[in-house]
Amino acid sequence: MDTVCIAVVGAGVIGLSTAACISQLVPRCSVTVISDRFTPDTTSNVAAGMLIPHTYAAFAFLHDLADTPVPTQKRWFRETFQHLSEITKSAEAADAGVYLVSGWQIFRSVPVPAEEVPFWADVVLGFRKMTEAELKRFPQYVFGQAFTTLKCEMSAYLPWLERRAIGLL
């Protein structure tokens, strides 16, 4: 069988993730990433990424524009959370720059409806509404939720993905 040649356009987190997945899933393939910039000069390289969907409450307008059903978003979020969680449990976690991170998501106004929990609450770890005592630490904020999610340090994650895409890992 001939080698399959595949081109992926873009060397940011999406392009390199796609290239790494193709390299793993398609036997006997050659993946070429085409981009005008590579790490550390990509937009993806600028900041860490915390895994939190932004379609809940204050960001509900994004869901309307996205036209993606919530069950589909939840499935994507769960699969991504599981994938990144596996990296945190591996010997490659530090090289990949993938970590668990706990914190708060705080709001200046109460999301509507306030009693509704976000669709991703049962995917992250330890989701709960913040207590009044916790909110007092943030006087300008009136509502919050606490949970543990995942963070990718892109300055480490992109080179790690790049190595996976070219078969070095």
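Position 1 is the first residue of the sequence; numbering continues from there. Small disclaimer: the values here were computed from a predicted structure and weren't measured. Only heavy atoms go into these numbers, but all of them, side chains included; no hydrogens, no water, no symmetry mates.
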Would the distance check show the side chain of E134 and the main-chain N or O of T131 forming a donor-acceptor pair, the cut-off being under 3.5 Å?
yes
Can you measure from OG1 (T18) to CG (L161) and round to the nearest 0.5 angstrom?
9.5 Å
Looking at CD of E86 and NE2 of H83, how far apart are the two atoms once the value is rounded to the nearest 0.5 Å?
9.5 Å
Are M50 and I87 connected in a single hydrophobic cluster, I mean Ile/Leu/Val/Met/Phe/Trp/Tyr linked by side-chain heavy atoms less than 4.5 Å apart?
yes
Starting from the C-alpha separation in whole Å, work towards a yes-or-no answer on side-chain contact (heavy atoms from CB on, under 4.5 Å) for L158 and V13.
CA-CA 6 Å; L158 291 176; V13 68; 4.0 Å; yes
Least distance between heavy atoms, A7 atom then I34 atom
CB-CD1, 3.9 Å
Flag the pair F143 / I106 as yes when at least one side-chain heavy-atom distance between them is below 4.5 Å, and no otherwise.
no
Is there a side-chain contact (heavy atoms from CB on, under 4.5 Å) between T88 and S90 once you walk through the steps?
CA-CA 6 Å; T88 67; S90 77; over 6 Å; no
What I'd like to find out is whether the side chain of Y157 reaches to under 4.5 Å of the side chain of L84, using heavy atoms alone.
yes
Is the distance between the ring centroids of W104 and F147 under 6.0 Å?
no
Any side-chain heavy-atom pair of V123 and Q82 under 4.5 Å:
no
Of T148, V124, L125, which meets side chain to side chain contact (heavy atoms under 4.5 Å, CB included) against S102?
T148
State which residues pass salt bridge (Lys or Arg N to Asp or Glu O under 4.0 Å) with R78; sequence neighbours excluded, sorted by chain then number.
D122
If every non-hydrogen atom of V31 is compared with every non-hydrogen atom of C29, which pair is closest and at what distance?
CG2-SG, 3.8 Å
Taking the side chain as everything from C-beta on, heavy atoms only, tell me whether Y141 gets closer than 4.5 Å to M130.
no
Over all atoms of both residues, closest heavy-atom pair of G10 and V33:
O-CG1, 3.4 Å
Donor-acceptor check, side chain of T149 to backbone of L51, threshold 3.5 angstrom: yes or no?
yes
With a 3.5 Å cut-off and no angle check, do the side chains of E92 and W160 form a donor-acceptor pair?
yes
Which is it for L150 and V101 under the side-chain contact (heavy atoms from CB on, under 4.5 Å) test, yes or no, and what are the steps along the way?
CA-CA 6 Å; L150 294 146; V101 61; over 6 Å; no
Is any side-chain heavy atom of P118 less than 4.5 Å from a side-chain heavy atom of F127?
yes
With the side chain counted from C-beta on, respond yes when V8 and T32 share a heavy-atom pair under 4.5 Å apart, and no when they do not.
no
Just grab all the salt bridge (charged side-chain N to carboxylate O under 4.0 Å, His left out) pairs involving residues 32-41, residues at least two apart or on different chains.
none
Starting from the C-alpha separation in whole Å, work towards a yes-or-no answer on salt bridge (Lys or Arg N to Asp or Glu O under 4.0 Å) for E79 and R75.
CA-CA 6 Å; E79 289 170 359; R75 180 175 48 84; 3.7 Å; yes
Which atom pair, heavy atoms only, marks the closest approach of T3 to S30?
CG2-N, 3.8 Å
Would you kindly confirm whether W120 and V70 end up in one hydrophobic cluster when ILVMFWY residues are joined by side chain heavy atoms under 4.5 Å apart?
yes
Reported CG-to-SG distance for the pair L16 and C21, which is rounded to 0.5 angstrom:
11.0 Å
R128-Q145 side chain donor-acceptor pair, cut-off 3.5 Å:
no
Working note: E153 + K151, criterion salt bridge (Lys or Arg N to Asp or Glu O under 4.0 Å); need CA distance, chi angles, decisive distance, verdict.
CA-CA 6 Å; E153 285 290 344; K151 176 179 91 166; 2.9 Å; yes
Short side-chain to backbone donor-acceptor contact, S17 and I14, under 3.5 Å
no
Any donor-acceptor N/O pair, S35 side chain to F38 backbone, under 3.5 Å:
no
One pair to check against side-chain contact (heavy atoms from CB on, under 4.5 Å): V142 and R108. What are the steps and the verdict?
CA-CA 6 Å; V142 298; R108 291 186 190 271; 6.0 Å; no
